[in-house]
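Since the structure comes first, as structure tokens, the remarks are kept for the end.
Owing to the predicted nature of the structure, the values given are computational and were not obtained by experimental measurement.
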Amino acid sequence: MPPSNTAAWLPAKNTYPVKIGPAAYPSPGPGQIVVRNWAVAINPVDWCLQLFSGFVLTFLVYPMVPGGDLAGDVVEVGADVTDFAVGDRILALGLGMDRAAVEGKTSAAEGAFQKYTLVRTLLATHIPEWMLYQDACVLPLTLATAAYGLFHAEFLALDLPTVPPPPPGSKGRVLITGGSTSVGCNAIQLVVQAGYTVVSTSSPKNFDYVKSLGATAVFDYRSKTLQADLVAALSKDNDTKCLGALAIGDNAVKLSMKVLSRIPGSRHFVSMAGSVMVPANVSTTLGRPRFMGFTVWQGVRMNMTGRSTGVEVKFVDTKDLAQPGNAVRKVFREFLPQALAQRQYMTAPRTRVVGHGLDSLQEAMDVRKKGVSAEKIVLTL
């Protein structure tokens, strides 16, 4: 008899709260493992499905199990799997909300918010014995998003990070806005450990934290002189080019386009990993339509700025994460295990555990919805 499984379900679009109930125990196929989850982390997309499922990931089929970030123990491996074994401690990205899982009818099995998750080995990483599951689980989705926008051939196409890293700042400069966000924390480390110099933005209270991740210069995202400050920092050495931007945060895309357009010889390309932060009042009667209207207006402004500056913007859609040849797979499998083991790479942002057990999941999602700063909401199981 297989073990009993329990999951957090969204039975239909815009369901609140999540429904905790039984789920089938998954059986691993080629390139797959089953993980007993000990910690999961909350991302904005998880709770946004409860408000905007008519606009967010519209290809999803309900009922479904949300969640992408997980850490736990391997309990079963597919017949062809040789690089993971039962008992291995891992972090992984569950692909339950990926189109490939939906089309393959494995979406529910691949969601992170359950006791046992079916995981594709190409997006799993061994973690050191000393690392806590609750710290490891903050990485997967935002690490994958950052890596996709930075290294994928259709985006910034930067060189991949290595262990040990190349000499600091030996390859050029990159602008990463929103340095204290989950995506920003990972993007900064990845870029620095690939040999580039990072210039970033955050609130002043997070300056030291963002610099501890490797950013050379950090500026207040509310500063009236921000654009000029970024241009100066990214143009500091004439022999070191600016190679583009990864934009995260409100107005970050417009800012990045204007900055890049003012730097001679820079690459005029922005990987957009998030242009609008969802406000805490979005779930109110007026908050939802106002936010949707604001999002549309931001898109119009972005297009207008793109035409006036000549800077290309592309949304980081992570559409081929399930394919074995992409750059994200190389980060997860070839770079991250060594980097974590040697403490070259930090689990970031900071972990904030808000509950234990799936019965506390909705509470954790609600806490995340209210907003966080330089931290990620985690649930232990």
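- Both the sub-6.0 Å distance and the 45° axial angle are not jointly satisfied by Arg173 relative to the ring of Tyr196.
- Using a distance-only test at 3.5 Å, with no hydrogens or angles considered, no donor-acceptor pair links the side chain of Ser223 to the main chain of Asp220.
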>> Using side chain to side chain donor-acceptor pair (under 3.5 Å), reason through Asn5 and Gln114 one step at a time and then give a plain yes or no.
In response: CA-CA 7 Å; Asn5 192 20; Gln114 55 189 319; 3.1 Å; yes

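- Taking CG of Leu234 as the reference point, atom CG of Leu175 lies at 5.5 Å (rounded to 0.5 Å).
- Residues Tyr345 and Phe335 are in side-chain contact: their nearest non-hydrogen atoms beyond the backbone lie under 4.5 Å apart.
- The closest side-chain heavy-atom distance from Glu154 to Lys314 is below 4.5 Å.
- Summarising the geometry of His268 relative to Leu260, their closest heavy-atom pair is NE2-O, 3.2 Å, with the distance given to 0.1 Å.
- Under the side chain to side chain contact (heavy atoms under 4.5 Å, CB included) test applied with Thr177, the options Ile248, Leu246, Val199 reduce to a single match, Ile248.
- For His152 (side chain) and Ala157 (main-chain N/O), no donor-acceptor pair under 3.5 Å exists by modelled atom type.
- Contact detail for Ile42 and Phe113: the closest heavy-atom pair is CD1-CZ, 3.8 Å.
- No side-chain heavy atom of Glu334 sits less than 4.5 Å from a side-chain heavy atom of Leu160.
- Cluster membership for Val61 and Val45, using ILVMFWY side-chain heavy atoms within less than 4.5 angstrom, is shared.
- At least one side-chain heavy atom of Val77 sits less than 4.5 Å from a side-chain heavy atom of Val74.
- Judged purely by atom type and a 3.5 angstrom limit, Asn186 has no side-chain atom pairing as donor or acceptor with the backbone of Val183.
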> Going through the checks in order, is the side-chain contact (heavy atoms from CB on, under 4.5 Å) test met by Val331 and Phe151?
Replying inline: CA-CA 9 Å; Val331 171; Phe151 308 122; 4.1 Å; yes

> Hey, mind stepping through Tyr16 and Asp366 against side chain to side chain donor-acceptor pair (under 3.5 Å) and telling me if it holds?
Replying inline: CA-CA 11 Å; Tyr16 184 96; Asp366 291 344; 2.7 Å; yes

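- If you chain together hydrophobic residues whose side chains sit under 4.5 Å apart, Val34 and Leu93 never meet in one group.
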>> Run Arg350 and Asp135 through salt bridge (charged side-chain N to carboxylate O under 4.0 Å, His left out) and show every step you take.
In response: CA-CA 8 Å; Arg350 304 179 186 100; Asp135 292 332; over 6 Å; no

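- Leu70 and Leu10 end up in the same hydrophobic cluster when Ile, Leu, Val, Met, Phe, Trp and Tyr side chains are linked at under 4.5 Å.
- Considering all non-hydrogen atoms of both residues, Ala217 and Phe219 come closest at CB-CE1, 3.9 Å.
- Side-chain atoms of Ser271 do not come within 3.5 Å of backbone N or O of Leu150 as any donor-acceptor pair.
- Evaluation of the ring pair (Phe, Tyr, Trp, His ring centres under 6.0 Å) rule for Phe84 yields His126 as partners, not counting sequence neighbours.
- The minimum heavy-atom distance linking Ile188 with Val198 is given by the pair CG1-CG1, 3.9 Å.
- A donor-acceptor pair under 3.5 Å is formed between the side chain of Asp80 and the backbone N or O of Gly31.
- For Arg120 (side chain) and Glu110 (main-chain N/O), no donor-acceptor pair under 3.5 Å exists by modelled atom type.
- Here Arg352 contributes atom CZ and Glu375 contributes atom CD; the two are 5.0 Å apart, rounded to the nearest 0.5 Å.
- There is no side-chain donor-acceptor pair under 3.5 Å between Asn206 and Tyr221.
- Side-chain contact between Leu122 and Val328 is absent, with no heavy-atom pair separated by less than 4.5 Å.
- Distance check: Ser235 OG to Lys241 NZ gives 13.0 Å after rounding to the nearest 0.5 Å.
- Side-chain contact between Val378 and Cys137 is present, with at least one heavy-atom pair separated by less than 4.5 Å.
- With hydrophobic clusters built from ILVMFWY side chains whose heavy atoms lie under 4.5 angstrom apart, Val81 shares a cluster with Leu95.
- Side chain of Ser107 to backbone of Gly96: a donor-acceptor contact under 3.5 angstrom is found.
- A distance of 6.5 Å separates CG in Leu336 from CG in Leu139, rounded to the nearest 0.5 Å.
- The backbone N or O of Thr142 lies less than 3.5 Å from no partner atom in the side chain of Asn43, so there is not a single donor-acceptor pair.
- Considering every non-hydrogen atom in both Leu118 and Pro28, the closest pair reads CD1-CA, 3.6 Å.
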> Is there a side-chain contact (heavy atoms from CB on, under 4.5 Å) between Lys376 and Thr351 once you walk through the steps?
Replying inline: CA-CA 5 Å; Lys376 196 158 186 177; Thr351 298; over 6 Å; no

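- Residue Lys171 qualifies as enclosed at atom NZ: its count of foreign heavy atoms under 6.0 Å is above 12.
- Within the 3.5 Å criterion, the main-chain N or O of Ile176 finds a donor-acceptor partner in the side chain of Ser200.
- Here the CG-NZ distance, from Leu361 to Lys19, works out to 13.0 Å after rounding to the nearest 0.5 Å.
- Note on Ile263 and Leu255: same hydrophobic cluster, where clusters join Ile, Leu, Val, Met, Phe, Trp and Tyr whose side-chain heavy atoms are under 4.5 Å apart, directly or indirectly.
- Side-chain atoms of Gln323 and Arg329, non-hydrogen and from C-beta on, never get closer than 4.5 Å to each other.
- Taking the charged nitrogens against the carboxylate oxygens, Arg368 and Asp46 have no contact shorter than 4.0 Å, which rules out a salt bridge.
- Among residues at least two apart or in separate chains, side chain to side chain donor-acceptor pair (under 3.5 Å) pairs with a member in residues 25-38 are Tyr25-Glu76, Asn37-Thr117, Trp38-Asp73.
- Between the Gln344 side chain and the Thr162 main chain, a donor and an acceptor come within less than 3.5 Å of each other.
- For the atom pair CG (Leu358) and CD1 (Ile20), the distance works out to 5.0 Å, reported to the nearest 0.5 Å.
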> Going through the checks in order, is the salt bridge (charged side-chain N to carboxylate O under 4.0 Å, His left out) test met by Asp98 and Lys319?
Replying inline: CA-CA 8 Å; Asp98 189 90; Lys319 62 184 177 182; over 6 Å; no

> Where do Met64 and Leu49 land on the side-chain contact (heavy atoms from CB on, under 4.5 Å) test, with the steps shown first?
Replying inline: CA-CA 11 Å; Met64 57 87 65; Leu49 285 175; 4.1 Å; yes

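- Between Ser180 and Phe207, the closest side-chain pair of non-hydrogen atoms is not below 4.5 Å.
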> Should Arg99 and Leu57 be marked as a side-chain contact (heavy atoms from CB on, under 4.5 Å) after you check the CA-CA gap, both sets of side-chain angles, and the distance that decides it?
Replying inline: CA-CA 9 Å; Arg99 189 183 295 273; Leu57 304 181; over 6 Å; no

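- Listed here is the closest heavy atom pair of Ala71 and Ala136: CB-CB, 4.1 Å.
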